[in-house]
Amino acid sequence: MNNKKVGIIGVGNVGATLAFTLASKSLCSEVVLKDLRENIVEAMALDISQSANAANAKTKVSFAKEAKDFSNCDVIVITAGIPRKPGMSRDDLLLTNAKIMTSVIGEINENNPNAIYIIVSNPLDAMVYTALKAANIDKNKVLGMAGILDSARMSHFIQEKLGYGEGEIDASVMGGHGDDMVPLANYSTVVGKPLDKILKEDEIEEIITKTRNGGAQIVKLLETGSAYYAPAYSTSLMVEAILTDNKKVYPCAVMLQGEYGYENIVAGVPVRLGKNGVEDVIELKLDEKQTSEFAKSISSVKELIDTLENKFFS
């Protein structure tokens with residue numbers, strides 16, 4: 001991890017928890033935080049740095065006062081954006097966050113010519129598309145976090161249903177984040193055994209429904225926020241795979257160029273991660289139902305991208 005630098009833009013709950021995770025595990029030599037709220041970002045940097053010292057970690061944590069402080073990052077994670085507010089349409093949220101994403105990329109792109117971008121902002125697939133256009137870099141260097149989170153949620157609900165399997169469940173999800181995700185029961189295993197050989201179809205459908213509503217469930221319980229531990233840890237796995245070049249396969253939102261039969265569209269698919277970012281897109285063999293659900297997910301993303309092209313990039 002020598003001389004590996006990670007930049008995090010947006011130090012809300014997800015960004016701050018990610019910084020804490022990276023620092024406490026010594027996953028890089030330096031973490032630099034950036035946020036419009038100068039007092040908040042300085043406080044987070046101080047607090048996380050002190051926690052890293054308590055753990056005898058080897059990661060330096062700082063915050064960016066000026067543009068030069070946020071430079072030469074190997075990986076940049078962007079969580080910046082606003083949640084949907086009362087009276088705000090889906091297009092309003094999309095266009096507002098696209099404006100924020102474009103502004104953020106414009107501020108940092110020049111000083112970070114070799115960075116790989118991990119997008120966490122929502123709506124995720126559309127924000128990956130926006131970041132790609134704004135940064136104007138190779139598609140393998142911009143990817144979105146959602147699939148790892150959704151897979152983790154599915155694993156939780158499988159364990160909850162079975163009552164066993166902690167640490168031995170490998171769930172697989174692809175497609176969009178939320179209602180359009182495509183949980184893959186035949187590629188999900190418990191102690192190496194396919195899920196569809198363990199549970200009945202109606203039991204699997206129950207788990208899939210819970211997975212799709214997993215984020216909303218937490219939002220409802222919290223009342224004033226959304227999940228952050230699982231999203232942050234999921235993002236840390238992507239950062240680790242890139243910095244260590246470990247070639248692990250994770251579901252990530254990436255630009256497709258012919259894979260699964262789609263062109264110029266962002267979708268969550270399994271990819272191999274390494275020092276170059278997305279090093280390979282893994283094409284799974286989907287059954288008829290999964291193919292149909294993936295097509296529906298692609299269609300939803302295309303609606304967002306068409307809106308961006310017609311109302312933002314034009």
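This chain uses plain numbering: 1 for the first residue, then up along the sequence.
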Quick check against the 3.5 Å criterion: does [X] have a side-chain atom that pairs as donor or acceptor with the backbone of [Y]?
{"X": "S292", "Y": "E288", "value": "no"}
{"X": "N112", "Y": "F70", "value": "yes"}
{"X": "T102", "Y": "A134", "value": "no"}
{"X": "N109", "Y": "I105", "value": "no"}
{"X": "S24", "Y": "T21", "value": "yes"}
{"X": "D245", "Y": "K275", "value": "yes"}
{"X": "T79", "Y": "I9", "value": "yes"}
{"X": "S49", "Y": "L46", "value": "no"}
{"X": "S297", "Y": "G176", "value": "yes"}
{"X": "Q217", "Y": "G215", "value": "no"}

Has [X] got more than 12 heavy atoms of other residues, nucleotides or ligands less than 6.0 Å from its [atom1]?
{"X": "K248", "atom1": "NZ", "answer": "no"}
{"X": "Y260", "atom1": "OH", "answer": "yes"}
{"X": "E166", "atom1": "CD", "answer": "yes"}
{"X": "Y229", "atom1": "OH", "answer": "no"}
{"X": "N136", "atom1": "CG", "answer": "no"}

pair [X]-[Y]: side-chain heavy atoms closer than 4.5 Å:
{"X": "V6", "Y": "I76", "answer": "no"}
{"X": "P194", "Y": "N186", "answer": "no"}
{"X": "K139", "Y": "V254", "answer": "no"}
{"X": "L27", "Y": "T59", "answer": "no"}
{"X": "C28", "Y": "V239", "answer": "no"}
{"X": "I208", "Y": "R212", "answer": "yes"}
{"X": "P183", "Y": "M181", "answer": "yes"}
{"X": "S188", "Y": "M154", "answer": "yes"}

Quiz item: Under a 4.0 Å N-O cut-off, is there an ion pair linking E309 with K133?
Solution: yes
Quiz item: So among K289, K161, K210, which one has a salt bridge (charged side-chain N to carboxylate O under 4.0 Å, His left out) with E205?
Solution: K289
Practice problem: Dump the intermediate steps for side chain to side chain donor-acceptor pair (under 3.5 Å) on Q257 and N264, then the final yes or no. | Solution: CA-CA 6 Å; Q257 296 290 6; N264 299 317; 2.9 Å; yes
Using every non-hydrogen atom in the two residues, find where [X] and [Y] come nearest and quote the distance to one decimal.
{"X": "M145", "Y": "P231", "answer": "CE-O, 3.7 Å"}
{"X": "L273", "Y": "A241", "answer": "CB-CB, 3.8 Å"}
{"X": "A98", "Y": "T130", "answer": "O-CG2, 3.8 Å"}
{"X": "I204", "Y": "L195", "answer": "CD1-O, 4.1 Å"}
{"X": "L304", "Y": "P123", "answer": "CD1-CB, 4.1 Å"}

Residues [X] and [Y]: side-chain donor-acceptor under 3.5 angstrom:
{"X": "Q290", "Y": "Y187", "answer": "no"}
{"X": "S121", "Y": "N97", "answer": "no"}
{"X": "N140", "Y": "E279", "answer": "no"}

Self-check item: Pairs touching residues 104-125 that satisfy salt bridge (Lys or Arg N to Asp or Glu O under 4.0 Å), sequence neighbours left out
Solution: K34-E107
Exercise. Step by step, work out the side-chain contact (heavy atoms from CB on, under 4.5 Å) result for I8 and L22.
Key: CA-CA 11 Å; I8 300 174; L22 296 176; 4.3 Å; yes
Quiz prompt | F294 reachable from L284 in the ILVMFWY side-chain graph, under 4.5 Å edges | solution = yes
